[in-house]
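These numbers were taken from a predicted model, which means no experiment stands behind them.
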Amino acid sequence: MMQAEYRTLAERGAELVELRLDWLGRLPDLNRLLQDRPCPVVITCRRSEDQGRWRGTEEQRRTILRNAIADGVDYVDLEEDIAGSIPRYGSTKRIVSHHDFEETPQDLWDIHRRLCSHDPDVVKLVTMANSQQDNIRMLQVVQAAKVPTIGFCMGELGLTSRILTGKYGAPFTYATFNSGRAMAPGQLSFSDMKKVYHYDEIDEATEIYGVLGDPIAHSLSPLIHNRAFRTAGLNKAYLPFHVLPSVFKQTLEDFQWLDIKGYSVTLPHKVAAIDVSDACEQSVEEIGAANTLYQDPESGWVAANTDYDAALTTICLGLDPKFDPATDSYEKLMSGRRILILGAGGVARAIAAGLSEAKADVTITNRTQQRAVELAAEFGCREVQWENRGSGFIDILVNCTAVGMHPDVDKSPFQQSWLRDGMLVFDTIYTPERTMLIKEAREHLCKTVTGVEMFVRQAAAQYERFTNTAAPLELMRETLRHKISPAQYDGE
């Protein structure tokens with residue numbers, strides 16, 4: 001199985017493959033394992049105290065590593081405490097490694113100097129990230145190191161350094177065979193590193209963008225932005241940044257070292273984003289929330305809300321497929337229409353603001369009634385209790401709740417009997433695209449529009465602010481639909 005997966009990775013473009021011998025159920029036959037190897041290899045055999053699975057004796061483990069060196073493997077991974085007892089031999093390159101699965105210690109440079117004292121060709125320094133600042137400190141070590149250094153952090157917070165370590169000089173980074181078999185916390189699959197983040201194309205000149213959120217692992221923004229950047233031939237990379245609300249401002253200050261050029265902003269940071277900006281677009285002033293931060297040469301960091309236009313354009317296209325946001329007005333289509341918004345969160349706020357501006361007759365309902373009352377009062381809308389949401393006569397239903405989102409795909413926030421033929425139903429959820437609400441609305445002969453259109457349009461508007469060029473709207477739409485399709489297959 002290990003041989004087969006090794007060949008598969010080489011066929012998929014891997015230039016170096018690590019073979020974790022501690023995962024084998026018995027002593028390895030190195031001659032058989034390394035026979036006709038399709039690409040260079042790293043031999044690693046981890047002890048249990050290093051989060052490995054080695055069950056034999058320590059002397060057996062060291063003998064295996066010495067035999068691998070004698071057989072001329074390309075690289076061998078040696079922990080700091082045994083590197084001195086296994087001498088250099090032949091052409092095999094030595095990776096001298098240190099792992100800390102609890103934290104990123106303050107004495108990173110001292111650890112790095114110790115590793116360098118053991119005759120390494122490559123230093124590997126891997127720690128657990130407990131903050132985004134840990135990534136910055138790690139990447140600073142990688143950038144300044146005289147010996148080639150692979151340095152990154154583990155865990156979801158460590159994703160920043162996993163992806164960017166090459167930008168700052170690391171000879172390579174680590175990924176896993178597929179997403180179901182991570183060797184360490186936060187490890188990405190080879191497919192994602194290659195196809196989503198384009199790791200091999202990130203270099204010293206690559207401009208960095210990203211999405212700020214808590215949580216953020218589910219975000220599909222990196223997928224569509226990175227594909228758009230690469231298709232346009234732009235040397236830009238887009239990452240997910242997991243940022244806790246308590247350290248939002250401090251983290252953005254720390255990120256100045258990364259020279260990040262722009263951010264998408266998702267929950268729960270849409271209000272905090274305004275406080276770190278130097279200027280705001282009009283939509284942000286009207287809504288009181290931002291989903292984008294971008295740099296303007298004259299104004300500095302500008303806060304924008306691309307949900308506003310994306311949502312209104314999506315609704316108008318649902319009413320009239322020939323609607324053109326460049327020439328047609330929202331008010332022309334929306335004025336006087338009776339609209340019920342389910343939910344009172346950030347997306348509901350943006351949509352309520354836009355519809356009110358377009359002179360629509362808006363009613364808001366929410367499971368926590370007080371939030372609906374407050375939002376309705378802010379934008380001059382009406383509110384109705386959640387239990388009575390199906391009692392009114394409406395032209396358009398907009399779902400801004402998470403009801404029906406994966407994995408609860410069999411739920412709907414609105415009973416099918418409350419729907420009527422000909423009304424427009426807009427569900428802002430895009431995972432899945434065909435929610436239970438959308439399915440039942442189509443059965444009821446309602447017009448429908450899904451969250452895919454809004455998500456793609458708000459992302460396209462961000463792309464245009466990041467690049468000052470037109471967004472490849474159809475490419476972004478196709479990329480998102482392929483990813484969320486039940487039939488999608490990523491080659492893992």
Using every non-hydrogen atom in the two residues, find where [X] and [Y] come nearest and quote the distance to one decimal.
| X | Y | result |
| --- | --- | --- |
| Q462 | N291 | NE2-O, 2.9 Å |
| K439 | R434 | CE-O, 3.4 Å |
| A170 | I150 | CB-CA, 4.0 Å |
| A129 | C153 | CB-CB, 3.5 Å |
| A311 | I351 | CB-CG1, 3.4 Å |
| I274 | A290 | CG1-CB, 4.1 Å |

Check ion pair [X]-[Y] (N to O, under 4.0 angstrom):
| X | Y | result |
| --- | --- | --- |
| K483 | E478 | no |
| R477 | E474 | yes |
| R20 | D22 | yes |
| K261 | D259 | yes |
| K322 | D328 | no |
| D307 | R349 | no |
| E201 | R230 | yes |
| R420 | D395 | yes |

Starting at [atom1] of [X], measure out to [atom2] of [Y] and round the result to the nearest 0.5 Å.
| X | Y | atom1 | atom2 | value |
| --- | --- | --- | --- | --- |
| I224 | L220 | CD1 | CG | 7.5 Å |
| L19 | Q3 | CG | CD | 9.5 Å |
| C316 | I396 | SG | CD1 | 8.0 Å |
| M405 | T428 | CE | OG1 | 7.0 Å |
| L212 | K270 | CG | NZ | 12.0 Å |
| D278 | D296 | CG | CG | 10.0 Å |

For this session: Decide if atom CZ of R338 counts as having more than 12 heavy atoms of other residues, nucleotides or ligands within a radius under 6.0 Å.
Result: yes

Exercise. If you count the non-hydrogen atoms of other residues, nucleotides and ligands that lie under 6.0 Å from NE2 in H218, is the total more than 12?
Worked result: yes

Do [X] side-chain atoms and [Y] backbone N/O form a donor-acceptor pair below 3.5 Å?
| X | Y | value |
| --- | --- | --- |
| S161 | G158 | yes |
| R337 | L333 | yes |
| K167 | E204 | yes |
| N135 | L157 | yes |
| T365 | R389 | no |
| E156 | A217 | yes |
| D408 | G404 | no |
| E18 | T176 | no |

Is it true that the side chains of [X] and [Y] contain a donor and an acceptor less than 3.5 Å apart?
| X | Y | answer |
| --- | --- | --- |
| N178 | S189 | no |
| E453 | T314 | no |
| T173 | R162 | no |
| T251 | Q132 | no |
| D100 | T127 | no |
| N235 | T206 | yes |
| H198 | N226 | no |
| H269 | D214 | no |
| E464 | N468 | no |
| Y199 | K194 | no |

Exercise. Hey, would you say the Y463 and F229 ring centroids sit under 6.0 Å apart?
Worked result: yes

Exercise. Between F466 and Y294, does the ring centre distance come in under 6.0 Å?
Worked result: no

Problem set entry | Y430 and T435: CA distance, side-chain angles, deciding distance, side chain to side chain donor-acceptor pair (under 3.5 Å) verdict | CA-CA 8 Å; Y430 59 89; T435 61; over 6 Å; no

Seminar exercise, completed: Sorted by chain and number, sequence neighbours left out, side chain to side chain donor-acceptor pair (under 3.5 Å) with Y330 holds for D309, T313

Exercise. Should L342 and L397 be marked as a side-chain contact (heavy atoms from CB on, under 4.5 Å) after you check the CA-CA gap, both sets of side-chain angles, and the distance that decides it?
Worked result: CA-CA 8 Å; L342 307 178; L397 174 69; 3.8 Å; yes

For this session: Check step by step if side-chain contact (heavy atoms from CB on, under 4.5 Å) holds for E207 and L234.
Result: CA-CA 9 Å; E207 292 184 351; L234 301 174; over 6 Å; no

Problem set entry | K447 side chain near M423 side chain, heavy-atom distance below 4.5 Å | no

Exercise. For E433 and S485, what are the C-alpha separation, side-chain angles and deciding distance, and is it a side-chain contact (heavy atoms from CB on, under 4.5 Å)?
Worked result: CA-CA 8 Å; E433 180 174 10; S485 166; over 6 Å; no

Problem set entry | Residues Y263, F241; criterion side-chain contact (heavy atoms from CB on, under 4.5 Å); working and verdict | CA-CA 9 Å; Y263 297 101; F241 296 122; 4.2 Å; yes

Exercise. Is it the case that K124 places NZ or CZ above or below the six-membered ring of F152, under 6.0 angstrom from the centre and within 45 degrees of the axis?
Worked result: no

For this session: Please work out whether the ring planes of W418 and F414 are parallel, tilted or perpendicular, with thresholds of 30° and 60°.
Result: perpendicular

